[in-house]
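Since the model is a prediction, treat every value here as computed from it, not as a measurement. Side-chain atoms are counted along with the backbone in the values below, which use heavy atoms only and exclude waters and symmetry mates. We're numbering straight along the sequence, starting at 1.
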Amino acid sequence: GMEGPGEDEEGLGEGMDEGPEKRLREQEEHREFPDEVALPADQAARQRFSRYRALQSFRSSPWHPRENLPASYGRVYQLQNLPALQKRILEQGRRVEQAQLMQARGRGKDRPKTPGQGKQGEEDNAMAVEDLDEEEEEGDMETGAKGPGEDSQDGFSVSGYPDHIQSGQGVCLEIEGLSLEALRARLLACGHLSVFALLPHENKLSVLQFSCSRLLRSQSLAAERACEQVVRSKDLLLFQTGFRSFLARPLFSEANLNCDKHKFSRFLQNGSFSVASCFGPITLTACPLLVFRALPSGGWQLLATGSLSAIDPDRIVLKKAILTGIPIRVRRKVAVVKHMFHQTLDVRWFKPAELVTKHGLRGVVKEPVGTHGLFKALFSGPITQNDTVLLVLYKRVFPKLPDPDSAGGDVRIL
């Protein structure tokens, strides 16, 4: 009833080819024995857990966020001050809207008035911009743009902002690298095409953090399709956030408010919020999230909803592994422990790590006993034979980029 000895997080996303009953059984075993690992007699613990480390305190022990990063993080962009960047870019967009409003107001003065127009319309426009003139002048001094009262030279762009097109203008788009056949196939499949503009830096790749929760199903449907509802970390999912959609293999983790480290969740559990970490395009505005999974029969199944919470490649997600042992010879605070290791070298390898018990005691490894992995341990209080000795180890895990062929040319990441 424990995690398999050779199983690691690299294979978590490959479980879609397994039977749904096996995935459900793994979820039930993980709920009954969370994070416990059974080590076979023919495998060395120092090799199986070579990338793990022991922490004296999960909350306060240090863990550098730039340590041993994978090669995929070489493609990631990090924003140093995201709130300031969001404020500056959104303020720039608001100034463009103000300039266009004042430009339209100036054109309206030159047009003949119709019977339904008059002083009331001019007063509405004046009220919309009278408090923003001073801010607009400050923005023009910073950017070096023309004043919003000046007309654009071509009559097509927003005055003072030649890179922005006025609302209501007709444009002709030329798409490079797209054949007419591919365009027709896309139109037949979707029925329409959506064109949108990106804010600065939104064409770059980063690590997005989404706060999400599973959808609550009815009891009958949950019992009927329980096997199909298992969602495991690094499963291939479709993320629809705002107007963008992309495939991702997210990591699910808990949200710790008072700690810089977050515990890895092997499955997306029902009835609680989780944080999904995945590679995705930078999105500077707050966006809702819909999570879908492809069905074998075709189509997509809605699994979870949420929203974008942060853009942070430095968020530390730690996977927890617990080795268990049984005290066989006990004398007050000293006990001989078996079934945790099977080799003497493993005992010496993990000797600096701290031991804990299920009854709340703490201990240290004193010396190996014999040649089969037994060792003598000293605890903070008298230990009983019905107690269980635990060695808690942690390893940082990272989200995984989807395979290039998994998108099928339809929905792709950057």
*Asks:* Please give me the minimum heavy-atom distance between A304 and L268, naming the atom from each residue.
*Replies:* CB-CD2, 4.2 Å
*Asks:* What is the ring orientation for F350 with F341, classed by angle as parallel under 30°, tilted 30 to 60°, or perpendicular over 60°?
*Replies:*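 If you compare the ring of F350 with that of F341, the planes turn out parallel.
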*Asks:* Tell me if the CD atom of Q56 is crowded by more than 12 foreign heavy atoms within 6.0 Å.
*Replies:*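 Result for CD/Q56: open.
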*Asks:* Hey, mind stepping through K366 and V334 against side-chain contact (heavy atoms from CB on, under 4.5 Å) and telling me if it holds?
*Replies:* CA-CA 9 Å; K366 298 298 291 184; V334 180; over 6 Å; no
*Asks:* So, do L355 and F375 sit near enough that their side-chain heavy atoms are less than 4.5 Å apart?
*Replies:*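 Yes; the side chains approach each other to less than 4.5 Å.
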*Asks:* Can you list the residues that meet the salt bridge (charged side-chain N to carboxylate O under 4.0 Å, His left out) rule with D312, with sequence neighbours excluded?
*Replies:*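 Applying salt bridge (charged side-chain N to carboxylate O under 4.0 Å, His left out) to D312 gives none.
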*Asks:* Please report the closest heavy-atom contact between A54 and A353, naming both atoms and the distance.
*Replies:* CB-CB, 3.7 Å
*Asks:* Report the residues that fulfil salt bridge (charged side-chain N to carboxylate O under 4.0 Å, His left out) with E97, sequence neighbours left out, ordered by chain and then residue number.
*Replies:*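 Testing E97 for salt bridge (charged side-chain N to carboxylate O under 4.0 Å, His left out), a comparison that skips the adjacent residues, returns none.
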*Asks:* Any donor-acceptor pair under 3.5 Å linking the side chain of E202 with the backbone of L199?
*Replies:* yes
*Asks:* Checking the side chain of S206 only, and the main-chain atoms of Y77 only, is there a donor and an acceptor separated by less than 3.5 Å?
*Replies:* yes
*Asks:* Could you tell me whether the side chain of V275 reaches within less than 4.5 Å of the side chain of H262, counting heavy atoms only?
*Replies:* no
*Asks:* Looking at every non-hydrogen atom in both residues, tell me the closest pair between A276 and C212 and how far apart they are.
*Replies:* CB-SG, 4.1 Å
*Asks:* Can you check whether K320 reaches L318 side chain to side chain, under 4.5 Å on heavy atoms?
*Replies:*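 Side-chain contact under 4.5 Å: no.
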*Asks:* What about F273 and F210, are their ring centers closer than 6.0 Å?
*Replies:*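 No - the distance between ring centres of F273 and F210 does not fall below the 6.0 Å cut-off.
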*Asks:* So, applying side-chain hydrogen bond (donor to acceptor under 3.5 Å, both in side chains) with S253, which one of K319, K261, R315, K263 is it?
*Replies:* R315
*Asks:* May I ask you to decide if S307's main-chain N or O and T241's side chain share a donor-acceptor pair within less than 3.5 Å?
*Replies:* no
*Asks:* So do I282 and L284 actually touch side chain to side chain, heavy atoms under 4.5 Å?
*Replies:*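 Yes; the side chains approach each other to less than 4.5 Å.
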*Asks:* Could you tell me which residues satisfy salt bridge (charged side-chain N to carboxylate O under 4.0 Å, His left out) with R332, sequence neighbours excluded, listed by chain and number?
*Replies:* none
*Asks:* Determine whether L323 and Y52 make a side-chain contact, defined as any pair of heavy atoms from C-beta on separated by less than 4.5 Å.
*Replies:*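 No - every pair of side-chain heavy atoms lies 4.5 Å or more apart.
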*Asks:* What I want to find out is whether R53 reaches E67 closely enough, with some N-O distance under 4.0 Å, to be called a salt bridge.
*Replies:*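 So R53 pairs with E67 through a salt bridge.
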*Asks:* What I want to find out is whether E181 reaches R184 closely enough, with some N-O distance under 4.0 Å, to be called a salt bridge.
*Replies:*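 No, no charged N to carboxylate O under 4.0 Å.
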*Asks:* Should the pair D387-K358 be classified as a salt bridge under the 4.0 Å nitrogen-to-oxygen rule?
*Replies:* no
*Asks:* Do you know the tightest heavy-atom contact between T344 and G370?
*Replies:*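 Here T344 and G370 meet closest at OG1-O, 3.3 Å.
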*Asks:* Evaluate F246 against L208 for side-chain contact (heavy atoms from CB on, under 4.5 Å), listing each step before the verdict.
*Replies:* CA-CA 12 Å; F246 56 91; L208 310 182; 4.1 Å; yes
*Asks:* Any idea which heavy atoms bring L236 and R293 closest together, and the distance?
*Replies:* O-CG, 4.3 Å
*Asks:* Using the side chain to side chain contact (heavy atoms under 4.5 Å, CB included) criterion, which residues pair with V330? Sequence neighbours excluded.
*Replies:* P327, A335, I383, Q385
*Asks:* What pairs of residues pass the salt bridge (Lys or Arg N to Asp or Glu O under 4.0 Å) test when at least one of them lies in residues 336-352, not counting sequence neighbours?
*Replies:* R46-D346
*Asks:* So, do L69 and R396 sit near enough that their side-chain heavy atoms are less than 4.5 Å apart?
*Replies:* yes
*Asks:* Who passes ring-ring contact (aromatic ring centres under 6.0 Å, His included) against Y394, sequence neighbours left out?
*Replies:* F58
*Asks:* Between L374 and I328, is any pair of side-chain heavy atoms under 4.5 Å apart?
*Replies:*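 Contact flag for L374/I328 side chains = yes.
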*Asks:* Taking all non-hydrogen atoms of both residues, which atom of L290 and which atom of T305 are closest, and how far apart?
*Replies:*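 Heavy-atom minimum between the residues: CD2-CG2, 3.7 Å.
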*Asks:* Could you tell me if the side chain of S233 sits less than 4.5 Å from the side chain of R266, heavy atoms only?
*Replies:*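 No - every pair of side-chain heavy atoms lies 4.5 Å or more apart.
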*Asks:* With a sphere of 6.0 Å drawn around NE2 of H359, does it hold more than 12 non-hydrogen atoms of other residues, nucleotides or ligands?
*Replies:*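 It does: H359 NE2 has more than 12 such atoms within range.
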